[in-house]
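Please read the structure below before turning to the comments.
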Amino acid sequence: MTSTFMGLEIGKRAASAHQQALNVTGHNLSNASTEGYSRQRIEFSPFEPIYLPGLNREETPGQLGQGTVVSRIERMRDQLLDRQIVAQSSSEGYWKARDPYLRQMDQIYLEPGDNSIRSKMDEFWDGWQELSMYPADTAPRTAVLERGKTLIDGIHDRYRSLKDLQVMADEDIQLTVGRVNDLSRQIAGLNKDIQEIKAQGDMPNDLLDRRDLLVDKLSSIIDVTVDNRDPDEFMVHTAGLVLVQGRVGRQFGLEKDIDTEGYSRIVWQDTRQDVHFQNGSLAALVDLRDETIENEIQTLDNMTMNFVDLVNEIHRDAYGMNGTTGNNFFTEQPFVTNVNGNYDRDGDGAFDSSYIYRMNGTNALEHKAQVGLEGNITLSGAEGDINVPYYPTDTVDDIISRINNSGAEVVARLNREGMLSLKGTPAAFVEGRDLQNPDFVIRHVEDSGHFLAGYAGILNGSGPEAAYDWAAADAVAGLQGGAENYALAPIAHPSGWIEVNPALRKDPSSVAAGFGENGRTANPGNGDAALAIASIRNTQVMVGQLGTFDDYFADAVGRIGLLGEQSGRTLETQNQVMKQLNDLRQSISGVSIDEELSNMIKYQHGYNAAARFITTINSMLDTIINRMGV
């Protein structure tokens, strides 16, 4: 038999359920502008009816309902869409971090322009051209020195600007790693709270929203994947390893690395293993610092080193107005003080390497002469030695072109006297290598035939036993000629320290303009040396893989412009994709004010109806209790 007060209980449950629904609606409305909040929806279900099947149940038709209760408060999310956003957010974060740096790099170059390095270099060449016409005058010499100083100042400014940008990227890396560690700790802490609340049978919707928001923020910094197959152990993976596992959040550390000039290397804090991210803003910053900006600095260094070496090569052989010779126009600072280029690379106290930048042959060659020889030249490359074949029908120019297009970190040219000249280029950064190769160091030269030995006069012989290899002290003993036929590798980043020779600035008459003859000083009217320096402007001098200095400047402008254009377009595409995904998420999880107001009216009417029902039942009970009697 049902209770007399059953109606009151049904009304109470209805009022309580609709009051809770109104509270959920108010919660939605108050968080309509909260970042990461997901709309919550209340679900009603009938309370357990009476009677249950049994032999002692009352003989009444059907089951009697006992009103309604709130079965759950659901968080409106699409898990598949969330995973798409996490995956896409890393790409957007990568290009969003990269784009402003490339814009700043574009501002650094200022090419073409009146204050650009190219315009200053043109003025420098013009100064030598003028000196070649007036070799007996002091004024053109002073002009050459001043224009040289202006050019070097421009190179220094560009180097410092690029270096400042590199330092800025390194500082951003340090801050971003700290942000990742903080997010990892917060996610692990939320996992603990969520697990405890779920264990009590509750649904921590707001904590889940907070965790998802942190994962979204983390995914824009590093590439992550989420695994929530185990409801008790939410996991986040990155770089192929676990970052967050339940209540445990791993951390990243920073280690200073000599290979990146003291910049920070990212490692796992517990294992000290290197971490290599593929996407996200942190990966963009590392790529910018270690590759993009570093490559620009190396390219500037390469141009500067070749420029200085070529000018000095001619200037040393020429005579000044005061009869002096053997002077460098620009200062050179070798990386090692040992005349043979010997260096203790592993720091054990014994020489174990040879740091040689340039090696010249002893025989004069003709550009178009066929060599009549066959063999394989082996040169050092970024990730191993590179073979350059040559054949009897090849000309000297053919072999030089093949060397320069081989991808080796060695380039070739014929100098002013027709001697074959091999030069080291900046070494490419190879990820994962314990010790990076130094810039401007020729590491290996070998010839199975006789082109580099008997024909060009660089090596003492053919085959592996006569090869030049930098991984030994006194490797120059395998070269023909003496110390005048090779040059030592410079201190790192010559674009930051090269200067006009102070001795020439003190005495401009020492600036050389002409070549001597038969051991005698140059005639006062001889401007051949000045003309030879001026002609470097349009000579195939091989600035790395580029033929002339004009090629270098054209390549630099095109390269930076292309990088900026690629970054801008890709970022625009990524922004559009993310906007579509976020709009789709908002349509599912976002709070609609109109919809919530409509629900509020509906639940208000439901609450009023429940209250009216309770009033009616109360009136009935009053009649039974107070108005029925004897």
- Can you see which heavy atom on H444 is nearest to which on A467, and at what distance? CE1-CB, 4.0 Å
- Message: I'd like to know if R402 pairs up with D398 as an ion pair, taking the criterion as any Lys NZ or Arg NE/NH1/NH2 lying under 4.0 Å from an Asp or Glu carboxylate oxygen.
- Response: no
- Message: Applying side chain to side chain donor-acceptor pair (under 3.5 Å) to R185 and Q251, what does each step give before you reach the verdict?
- Response: CA-CA 8 Å; R185 284 191 294 267; Q251 302 287 287; 2.5 Å; yes
- Should S161 and D157 be marked as a side chain to side chain donor-acceptor pair (under 3.5 Å) after you check the CA-CA gap, both sets of side-chain angles, and the distance that decides it? CA-CA 6 Å; S161 296; D157 287 343; over 6 Å; no
- Ion pair E313/R416, N-O distance below 4.0 Å: no
- Determine, step by step, whether W95 and N279 satisfy the side chain to side chain contact (heavy atoms under 4.5 Å, CB included) criterion, reporting the C-alpha distance in whole Å, the side-chain angles of both residues, the deciding distance to 0.1 Å, and the verdict. CA-CA 9 Å; W95 293 104; N279 230 333; 5.7 Å; no
- For the residue pair N342 and D474, confirm or rule out a side-chain donor-acceptor distance under 3.5 Å. yes
- Task: Decide yes or no for V336 and F351: does some side-chain heavy atom of the first lie under 4.5 Å from some side-chain heavy atom of the second?
- Result: no
- Report the C-alpha distance between Y101 and D106 in whole Å, list the side-chain angles of each, state the deciding distance to 0.1 Å, and finish with yes or no for side chain to side chain donor-acceptor pair (under 3.5 Å). CA-CA 9 Å; Y101 277 89; D106 189 49; over 6 Å; no
- Message: Checking the side chain of Q245 only, and the main-chain atoms of M235 only, is there a donor and an acceptor separated by less than 3.5 Å?
- Response: no
- Query: Is any side-chain N of the basic residue among K423 and D309 closer than 4.0 Å to the acidic one's carboxylate O?
  - Reply: yes
- Message: Main chain of A532, side chain of S535: is a donor-acceptor contact present, judged purely on distance under 3.5 Å?
- Response: yes
- Query: Can you find a side-chain donor-acceptor pair between D223 and S219 that sits under 3.5 Å?
  - Reply: no
- Please tell me if the side chains of T425 and F440 come closer than 4.5 Å, counting only heavy atoms from C-beta onward. no
- In terms of side-chain heavy atoms, does N328 have a donor or acceptor partner in R316 at a distance below 3.5 Å? yes
- Task: Examine the side chains of N302 and Q298 and answer whether a donor and an acceptor come within less than 3.5 Å of each other.
- Result: no
- Message: Quick check for you: to the nearest 0.5 Å, what is the distance between S116 atom OG and M121 atom CE?
- Response: 10.5 Å
Please set out all donor-acceptor pairs under 3.5 angstrom arising from side-chain atoms of residues 371-378, sequence neighbours excluded.
from	atom 1	to	atom 2	distance (Å)
T378	OG1	N387	OD1	3.0

- Out of curiosity, R103 CZ to I560 CD1, how far, rounded to the nearest 0.5 Å? 13.5 Å
- Indicate whether any N or O donor in one side chain lies under 3.5 Å from an N or O acceptor in the other, for S510 and N327. no
- Message: Whether D164 and R160 form a salt bridge (side-chain N of Lys/Arg under 4.0 Å from carboxylate O of Asp/Glu) is what I want to check.
- Response: no
- For Q269, does the CD atom have more than 12 heavy-atom neighbours from other residues, nucleotides or ligands under 6.0 Å away? yes
- Specify the closest pair of heavy atoms between M419 and G361, including all atoms of both residues, with the distance to one decimal. CB-O, 3.6 Å
- Work out which heavy atom in D317 is nearest to a heavy atom in T325; give both atom names and the distance. C-OG1, 3.9 Å
- For F330 and W497, what are the C-alpha separation, side-chain angles and deciding distance, and is it a ring pair (Phe, Tyr, Trp, His ring centres under 6.0 Å)? CA-CA 10 Å; F330 296 105; W497 53 258; over 10 Å; no
- Do N312 and E332 have a side chain donor and acceptor closer than 3.5 Å? yes
- Return the orientation label for the Y455 and F451 ring planes: parallel under 30°, perpendicular over 60°, tilted otherwise. parallel
- Compare all side-chain heavy atoms of D344 with those of D346 and state whether any distance is below 4.5 angstrom. yes
- Query: Any Lys/Arg nitrogen of R443 or D385 sitting under 4.0 Å from an Asp/Glu carboxylate oxygen of the other?
  - Reply: no
- Query: Side-chain contact, heavy-atom cut-off 4.5 Å: M303 with F549?
  - Reply: yes
- Message: Classify the ring geometry of F277 against F252: parallel below 30°, tilted from 30° to 60°, perpendicular beyond 60°.
- Response: perpendicular
- Task: Using atom types as modelled and distance alone, determine if a side-chain donor or acceptor of D507 lies under 3.5 Å from a backbone N or O of L504.
- Result: no
- Message: Using a strict threshold of under 4.0 Å (side-chain N to carboxylate O), is an ion pair present between R289 and D170?
- Response: yes
- Query: Nearest heavy-atom pair of H450 and S462: which atoms, and what distance?
  - Reply: ND1-OG, 3.3 Å
- Donor-acceptor contact present, side-chain N405 to main-chain S401, <3.5 Å: yes
- Run the numbers on K120 and D153 for salt bridge (charged side-chain N to carboxylate O under 4.0 Å, His left out), then give the verdict. CA-CA 10 Å; K120 293 174 182 177; D153 288 345; over 6 Å; no
- Message: Does I173 form a side chain to side chain contact (heavy atoms under 4.5 Å, CB included) with R265? I'd like the steps, not just the answer.
- Response: CA-CA 9 Å; I173 287 172; R265 180 166 52 91; over 6 Å; no
- Item | Heavy-atom pair of closest approach, residues I222 and S90 | O-OG, 3.3 Å
- Message: Checking side-chain polar atoms at under 3.5 Å, does S421 have a donor or acceptor matched by the opposite partner on N415?
- Response: no
- State whether the side chain of T304 and the backbone N or O of L300 hold a donor-acceptor pair below 3.5 Å, judged by distance alone. yes
- Item | Derivation of the side chain to side chain contact (heavy atoms under 4.5 Å, CB included) call for R505 and V500 | CA-CA 8 Å; R505 300 197 70 192; V500 175; 3.9 Å; yes
- Query: Side-chain contact, heavy-atom cut-off 4.5 Å: M359 with Y468?
  - Reply: yes
- Task: Using a 4.5 Å cut-off on heavy atoms from C-beta on, say whether the side chain of I314 contacts that of I536.
- Result: yes
- Report yes if the distance between the aromatic ring centroids of F124 and F307 is under 6.0 Å, otherwise no. yes
- Euclidean distance, R250 CZ relative to T238 OG1, rounded to 0.5 Å: 10.5 Å
- Message: Is any side-chain heavy atom of E499 closer than 4.5 Å to one of I152?
- Response: yes
- Taking side chain as C-beta onward, heavy atoms only, is Y357 less than 4.5 Å from L488? no
- Message: Using every non-hydrogen atom in the two residues, find where S354 and A472 come nearest and quote the distance to one decimal.
- Response: OG-O, 2.7 Å
- Item | Approximate separation, where rounding is to 0.5 Å, of N460 CG and L479 CG | 7.0 Å
- Would you call R98-D287 a salt bridge at under 4.0 Å N-O? no
- Are E296 and R559 close enough for a salt bridge, meaning some N to O gap below 4.0 Å? yes
- Roughly how far, to the nearest 0.5 Å, is CZ of R413 from CD1 of I403? 13.5 Å
- Query: Where do F335 and Y343 land on the ring pair (Phe, Tyr, Trp, His ring centres under 6.0 Å) test, with the steps shown first?
  - Reply: CA-CA 9 Å; F335 181 76; Y343 178 63; 5.0 Å; yes
- Find the distance between CG (L162) and CE (M105) and round it off to the nearest 0.5 Å. 6.0 Å
- Message: Checking I297 against D301 for the side chain to side chain contact (heavy atoms under 4.5 Å, CB included) test, could you report, in this order, the C-alpha distance in whole Å, the side-chain angles of both residues, the deciding distance, and whether it holds?
- Response: CA-CA 6 Å; I297 293 175; D301 287 338; 3.6 Å; yes
